[in-house]
Every structure is written in C-alpha cells, then in structure tokens.
Amino acid sequence: MPSLPSGFADEASLDDFMSTPTPELIEDLAKLEGDILILGAGGKMGPTVARMAKRAAPNKRVVAVARFSSPGLMDELAGYGVEPVVCDLLDREAVQALPKLENVIFMAGFKFGADSDPGMTWAMNVQVPTFVAEAFPGSRIVVFSTGCVYPFANVKEGGSTEDVAPNPPGEYAITCLGRERMFEYYSGLNGTPCLIYRLNYAIDLRYGVIHDIAQKIRNGEPIDVSMGHVNLIWQGDACAQALRCLLHCQSPAVPLNVSGPEIISVRWLAQELGRRMGTEPSFVGEEADFSWVTNTARAVQLFGYPHVSLMSMLDWVADWVASDRRSLGKPTKYEVRSGAY
C-alpha cells in the first residue's frame with residue numbers, strides 16, 4: 001500500500017486510492033483458484049470491489065453483474081478490465097445463465113424503503129439469494145450481510161461476537177437474516193463453501209456514518225446520540241477483506257464480523273469532526289448502554305488491523321464535507337434503533 005495521503009482533491013484520486021489492493025490481498029488472490037464474479041456490483045461498494053479485484057489479480061477474469069442504472073458505470077468498469085454484465089437478479093433464468101465462475105462475491109440487497117415496500121425487501125433479500133445459491137452450487141461464495149442481524153450489545157462488553165444468536169428487529173434486518181439462512185441451507189445441501197460477511201459501516205468520503213455526522217455539523221443540525229456507539233472501517237479495507245474471505249469459505253457456511261476493531265462513541269466522533277471543521281457540534285438524545293456493535297477479533301486474527309486508521313478517516317471526511325464536495329445523498333440512518341428503514 002502507498003503511504004496515506006493527507007486528503008483527496010477529487011473523486012478520481014479517491015477512487016484510485018480506495019481500490020488499491022493491499023499486498024496481502026495480492027498474495028491471497030495469487031493462491032485463489034479460478035475467476036471472480038461480483039453480483040450486485042452497481043452499489044456503493046461494488047465498483048471498488050470489482051476494480052480492486054482486477055488490480056490485485058490482473059490475469060483473472062473479473063465479471064461485475066448489476067442492472068447498471070448509473071450512467072457510465074459499465075464503461076468505467078470496462079476501462080479497468082472488468083467485464084460488466086447486465087442482469088436483473090430477480091429473473092431466475094437470467095441468474096442461471098450467468099457465467100459459472102469459481103468465486104462469487106454476493107453484494108445485492110435492499111435496505112432503504114424496506115418498511116414502505118416489504119414485498120421488494122423480501123424478494124431482494126431472500127428470494128434473490130435463493131436463485132443465486134441454486135445457480136452456483138460449485139462456487140465459493142462470500143455473502144454480504146450486516147451486523148444488524150444481532151441484538152443490541154452492551155457497549156462495555158466488546159460487541160456481539162459471531163457466537164451470539166441473531167435476533168434482528170425490523171423488516172430489513174429480518175430479511176438480511178433470511179438471506180443468510182438461504183445461503184446456509186444451500187451450503188449444507190450442496191456442499192457450497194460460503195462465508196457470511198457481516199459488515200458494520202464502511203466509510204467512503206461521499207457517504208457513511210462520519211459523512212452523515214460531518215454534514216449535520218456543517219449544516220448546523222444537532223447530532224442524535226441515541227445510538228451512541230458504532231463500528232467503522234474504511235471502504236478500501238472492507239473490500240480487500242471481502243475478497244480475501246474467498247479463501248475462508250466453508251460448508252456449512254460460517255459468519256465473520258467485519259469492521260474496525262474499535263467501538264466508537266458517536267459523541268466523540270462529532271467532537272473530533274467539529275474540531276477539524278471549526279464548528280462546535282450540538283447534540284440531542286442520550287446514549288443508550290446498548291448499540292449495534294460487533295466484535296471483530298476473528299477478522300483481525302485472519303487479516304490484521306485495517307490499513308486506514310480512524311483518525312485518517314476523520315481528517316479526510318472533515319476536509320471533504322467542509323469543501324462541499326459531492327455526496328451520494330444516501331444517509332446510513334445509523335441512529336435508527338427501531339430497525340425501520
């Protein structure tokens with residue numbers, strides 16, 4: 001990895017840095033047999049995963065599958081040597097027709113609008129995994145999921161480990177557990193090696209928990225600290241770990257918590273951002289003793305500490321938001337405790 005920059009002048013430099021593979025990823029993909037298929041590659045993280053995979057393993061075929069509703073994304077990925085394939089994953093026959101590559105990163109899902117459109121939520125988060133698991137019985141599959149499948153954990157006790165039984169609140173989190181269960185079922189039925197990748201809050205400069213807080217500080221809005229603690233990880237580190245997880249898939253499927261190793265106070269995050277942005281944040285609510293926080297000790301044991309530190313993320317996001325650079329306009333809603341999205 002190159003030395004960490006002090007900041008980013010534009011999105012091109014941000015995306016280039018964020019998709020730079022770590023030496024460990026390059027080494028792991030050299031050991032990995034077969035090519036890589038990324039399903040749901042049109043979302044916030046998908047393009048980074050696809051570009052990073054191709055940069056880490058230029059001799060492998062990397063295929064990115066999505067509806068590709070964002071203008072220019074197909075051409076952009078093709079320019080990096082990634083093969084874009086248009087597919088509606090709700091179409092069972094179209095999923096069956098996809099190239100049967102040896103390694104699959106499954107990133108498709110539906111979150112925001114889950115409570116207003118529960119039918120689509122269940123279709124995307126439970127039915128699509130069924131189609132994919134049926135279509136790829138002989139592949140290794142890393143399945144993106146979320147720490148929201150856990151119950152709230154006492155912030156003083158280190159967060160939920162993978163041994164904690166899921167108990168998700170709300171339509172979105174329940175269907176995310178449904179996604180996991182479908183892959184678990186087919187993993188057992190067909191011997192498909194799977195890893196359930198339970199991610200808590202990847203950070204880009206254009207979206208994410210830090211971005212959301214920084215925007216509120218800039219706009220003079222109070223910070224809700226009811227969900228008083230979070231886990232965070234740089235999106236580049238999260239993508240590298242997802243690809244490295246291909247070497248750790250098993251049957252029956254196994255879960256892995258992925259995030260930064262710290263349980264971080266939302267109030268402290270806001271104070272640190274305010275100091276960088278020259279604005280004193282205001283707050284509403286009171287911190288609860290329990291939050292959606294996970295223990296990532298197993299991931300740290302497998303992959304080591306993330307390359308990008310929390311303090312670097314704070315520096316970069318504060319500068320990006322204060323400079324009024326582009327936002328994706330996709331709030332994380334980290335503060336929601338009801339599970340309703």
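Applying the ring pair (Phe, Tyr, Trp, His ring centres under 6.0 Å) criterion to Tyr185, with sequence neighbours excluded, gives no partner residue. Shown here are the side-chain hydrogen bond (donor to acceptor under 3.5 Å, both in side chains) partners of Arg67, two or more places apart in sequence or in another chain: there are none.
Ring pair Tyr201/Tyr334 is perpendicular by interplanar angle, where above 60° counts as perpendicular and below 30° as parallel. Ring geometry for Phe8 against Phe17 counts as tilted: the plane angle lies between 30° and 60°, on a 0 to 90° scale.
Connection of Leu14 to Leu77 is not established within any shared hydrophobic cluster, with ILVMFWY side chains joined at heavy-atom distances below 4.5 Å, either directly or through further cluster members. A continuous path of hydrophobic side-chain contacts links Met277 to Val266 [ILVMFWY only; heavy atoms under 4.5 Å]. Leu314 and Tyr305 fall into different hydrophobic clusters, where Ile, Leu, Val, Met, Phe, Trp and Tyr side chains are chained together by heavy-atom contacts under 4.5 Å. Leu195 is not connected to Val104 by any chain of hydrophobic side-chain contacts under 4.5 Å among Ile, Leu, Val, Met, Phe, Trp and Tyr, and they are in different clusters. Residues Val149 and Met227 do not share a hydrophobic cluster, clusters being chains of Ile/Leu/Val/Met/Phe/Trp/Tyr side chains in contact below 4.5 Å.
The shortest distance between side-chain heavy atoms of Met74 and Val86 falls below 4.5 Å. Counting heavy atoms from C-beta outward, Arg325 and Leu205 have side chains that stay 4.5 Å or more apart. Between Gln127 and Arg92 there is no side-chain heavy-atom pair separated by less than 4.5 Å. Annotation: side chain of Glu184 is not in contact with side chain of Pro252 (no heavy-atom distance under 4.5 Å). Between Cys87 and Leu98 there is a side-chain heavy-atom pair separated by less than 4.5 Å. No side-chain heavy atom of Leu89 sits under 4.5 Å from any side-chain heavy atom of Phe131. Counting only heavy atoms from C-beta outward, the side chains of Thr130 and Tyr186 approach each other to under 4.5 Å. Using a 4.5 Å cut-off on side-chain heavy atoms (C-beta onward), Glu262 and Asn231 make no contact.
Heavy-atom neighbours of Met120 CE from other residues, nucleotides or ligands within 6.0 Å: at or below the threshold of 12. When the shell of 6.0 Å around CZ of Phe283 is examined, it contains more than 12 heavy atoms from other residues, nucleotides or ligands.
The nearest pair of heavy atoms linking Leu29 to Ala56 is CD1-CB, 3.7 Å. Nearest heavy atoms, Pro84 versus Phe68: CB-CZ, 3.9 Å. Here the closest heavy-atom approach between residue Ala240 and residue Leu25 is recorded as O-CD1, 3.9 Å. Among all heavy-atom pairs drawn from Gly274 and Pro281, the shortest one is CA-CD, 4.2 Å.
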Derivation and outcome, side-chain contact (heavy atoms from CB on, under 4.5 Å), residues Leu199 and Ser145: CA-CA 6 Å; Leu199 175 65; Ser145 188; over 6 Å; no

message: Would Ile105 and Phe144 count as a side-chain contact (heavy atoms from CB on, under 4.5 Å) here? Give the steps.
response: CA-CA 8 Å; Ile105 304 287; Phe144 268 60; 3.8 Å; yes

message: Determine whether Lys216 and Glu335 satisfy the following criterion, salt bridge (charged side-chain N to carboxylate O under 4.0 Å, His left out), listing intermediate values before the conclusion.
response: CA-CA 13 Å; Lys216 289 181 179 180; Glu335 67 273 25; 3.6 Å; yes

task: Go through Leu256 and Arg298 one step at a time and tell me if the side-chain contact (heavy atoms from CB on, under 4.5 Å) criterion holds.
output: CA-CA 7 Å; Leu256 184 70; Arg298 290 186 187 175; 3.8 Å; yes

Arg218 and Asp324: CA distance, side-chain angles, deciding distance, salt bridge (charged side-chain N to carboxylate O under 4.0 Å, His left out) verdict: CA-CA 9 Å; Arg218 185 195 62 191; Asp324 201 26; 3.1 Å; yes

message: For a side-chain contact (heavy atoms from CB on, under 4.5 Å) check, start with the C-alpha distance between Ser251 and Ser187, then their side-chain angles and the critical distance, and finish with the verdict.
response: CA-CA 6 Å; Ser251 177; Ser187 175; 3.4 Å; yes

- prompt: Passes side chain to side chain donor-acceptor pair (under 3.5 Å), Asn257 versus Thr296? Steps please.
  reply: CA-CA 5 Å; Asn257 295 338; Thr296 62; over 6 Å; no

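At distances below 3.5 Å, not a single donor-acceptor pair connects side-chain atoms of Asp204 with backbone N or O atoms of Tyr207. Of the possible polar contacts, none joining the Ser70 side chain to the Leu73 backbone as a donor-acceptor pair under 3.5 Å is found. Between the side chain of Thr20 and the backbone N or O of Asp16 there is at least one donor-acceptor pair closer than 3.5 Å. At distances below 3.5 Å, at least one donor-acceptor pair connects side-chain atoms of Lys100 with backbone N or O atoms of Gln96. Remark: the backbone N or O of Gly285 is not paired with any side-chain donor or acceptor of Ser226 at under 3.5 angstrom. In this structure, Thr175 contributes its side chain and Tyr172 its backbone to a donor-acceptor pair below 3.5 Å. At distances below 3.5 Å, at least one donor-acceptor pair connects side-chain atoms of Ser327 with backbone N or O atoms of Gly329. Checking side-chain atoms of Lys44 against main-chain N and O of Gly208 turns up no donor-acceptor pair under 3.5 Å. Remark: the backbone N or O of Val308 is not paired with any side-chain donor or acceptor of Ser312 at under 3.5 angstrom. Side-chain N or O atoms of Trp234 include none that pairs as donor or acceptor with a backbone N or O of Met18 at under 3.5 Å.
Listed by chain and number, the hydrophobic cluster partners of Met182 are Trp122, Val126, Ile174, where partners are ILVMFWY side chains within reach of under 4.5 Å, directly or through others.
Between Phe136 and Phe106, a ring centre-to-centre spacing not shorter than 6.0 Å is recorded.
Between Lys156 and Asp289 there is no salt bridge, since none of the side-chain N atoms of the basic residue sits less than 4.0 Å from a carboxylate O of the acidic one. Salt-bridge formation is detected for the pair Glu180/Arg198: a Lys NZ or Arg NE/NH1/NH2 atom is positioned less than 4.0 Å from an Asp or Glu carboxylate oxygen.
For the side chain to side chain donor-acceptor pair (under 3.5 Å) condition, the pairs that include at least one residue of residues 75-90, sequence neighbours left out, are Arg51-Tyr80, Arg61-Glu83. Counting only residues at least two apart or in different chains, side chain to side chain donor-acceptor pair (under 3.5 Å) contacts with residues 28-38 comprise Asp28-Arg244. Contacts classified as side chain to side chain donor-acceptor pair (under 3.5 Å) and involving residues 4-13 (residues at least two apart or in different chains) are given here: Asp10-Ser13, Glu11-Arg206, Glu11-Arg326.
Between the side chains of Arg179 and Asn125, at least one donor N or O sits under 3.5 Å from an acceptor N or O. Under the 3.5 Å distance criterion, with hydrogens and angles disregarded, no donor-acceptor pair is assigned to the side chains of Asn295 and Thr161. With hydrogens and angles left out, the side-chain atoms of Arg55 and Ser19 include a donor and acceptor closer than 3.5 Å. Looking only at atom types and distance, the side chain of His307 has no donor-acceptor partner in the side chain of Thr22 under 3.5 Å away. Looking at Ser139 and Glu102, their side chains never bring a donor and an acceptor atom within 3.5 Å of each other. Neither side chain, Glu171 nor Thr121, offers a donor N or O lying under 3.5 Å from an acceptor on the other.
Shown are Val62, Val63, Ile36, Ile38; of these, the side chain to side chain contact (heavy atoms under 4.5 Å, CB included) with Leu101 is made only by Val63.
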